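Accompanying notes for the structure given below.
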Amino acid sequence: MDDIKVRSGTSAMHDAYADNRQQLHDLRNSFTLPDEAIGMAMFLGGEFQGADLFDRHSTLQHFWSSLLDSYLIGFLNVQSEEAAEPSPDAIAKVLDEVTKAAWESFTPPGAGLEWRTETDAYSGSALVWNDESVIHMQVFPKSTEPAEPRGLRPRRR
């Protein structure tokens, strides 16, 4: 039964990409990966939508297109009357709250150690290697509405 739900969700996501291919392509091309960037934070109308941080630029570069698409697909049908810029310290406030929260460790199916946290406003997770290097950290706002899954997805070969 769970397999059916997964396939249905995957099909719905695939349909969303297919139905909005040109619009998504145009929107994606309006973004450029800055040299030496190791993360990205997305805001819509000044509201925090999520952040992903990596261990190095090459890791972000590898996942840039799929990660960017995972954010942008949610923005396609949003009508915004006014584009609001986030405050210069908006992401610093989010990261400050999340890093001060209690984190709980879990053993992932692969290598490393996964850490998770929740605050009143945010959920976060981080994959840590050798207790010293954060390979990938993601933070998302909590919502009362169900959201599409975000983050890295395995590539099919």
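All heavy atoms count here, side chains included; hydrogens, waters and symmetry mates do not. Quantities reported herein were computed from a predicted structural model and do not represent experimental measurements.
Residues M137 and V134 meet the side-chain proximity criterion, which asks for heavy atoms closer than 4.5 Å. For the pair R28 and D69, the minimum side-chain heavy-atom distance is below 4.5 Å. For the pair D52 and F63, the minimum side-chain heavy-atom distance is 4.5 Å or more.
A continuous path of ILVMFWY side-chain contacts below 4.5 Å connects Y71 to F54, so both sit in one hydrophobic cluster. The hydrophobic cluster containing L60 also contains M42, counting ILVMFWY residues as joined when their side-chain heavy atoms lie under 4.5 angstrom apart, directly or transitively. If you chain together hydrophobic residues whose side chains sit under 4.5 Å apart, V128 and I135 never meet in one group. Side-chain heavy atoms closer than 4.5 Å link hydrophobic residues (I, L, V, M, F, W, Y) into clusters, and following such links, even through other members, never connects L127 to W115. In the hydrophobic clustering of ILVMFWY residues, with side-chain heavy atoms under 4.5 Å counting as a link, I38 and V139 come out apart.
When all heavy atoms of S125 and E114 are compared, the closest pair comes out as CB-OE2, 4.0 Å. Contact detail for F43 and I91: the closest heavy-atom pair is CZ-N, 4.1 Å. Taking each heavy atom of T117 and A101 in turn, the nearest pair found is OG1-CB, 3.2 Å. Here the shortest heavy-atom pairing between Q49 and F140 reads O-CD2, 3.5 Å. The two residues I73 and S70 come nearest to each other via the heavy atoms CG2-O, 3.7 Å. A pairwise comparison of heavy atoms in G50 and P141 identifies N-CD, 4.1 Å as the closest pair.
The aromatic rings of Y122 and F48 stand perpendicular to each other, their planes meeting at an angle above 60°, with 30° marking the opposite boundary.
Rounding to the nearest 0.5 Å places NZ of K142 at 6.5 Å from CG of D120. For the atom pair L24 CG and Q22 CD, the distance stands at 9.5 Å (nearest 0.5 Å). Rounded to the nearest 0.5 angstrom, T59 OG1 and L53 CG are separated by 12.0 Å.
Side chain of W129 to main chain of L113: no donor-acceptor pair is present (N/O by atom type, distance under 3.5 Å, no hydrogens or angles). H57 places a side-chain N or O within donor-acceptor distance of the main-chain N or O of A37, the cut-off being under 3.5 Å.
A salt bridge does not link E118 to R116: none of the charged side-chain nitrogens sits closer than 4.0 Å to a carboxylate oxygen.
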Could you go through the side chain to side chain donor-acceptor pair (under 3.5 Å) check for D55 and H136 one step at a time?
-> CA-CA 6 Å; D55 59 333; H136 178 220; over 6 Å; no
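Each side chain to side chain donor-acceptor pair (under 3.5 Å) pair with one or both residues in residues 30-42, not counting sequence neighbours, would appear here, but there are none.
Heavy atoms from other residues, nucleotides or ligands lying under 6.0 Å from CG of D131 number 12 at most. Surrounding CG of N29 are more than 12 heavy atoms belonging to other residues, nucleotides or ligands, all under 6.0 Å away.
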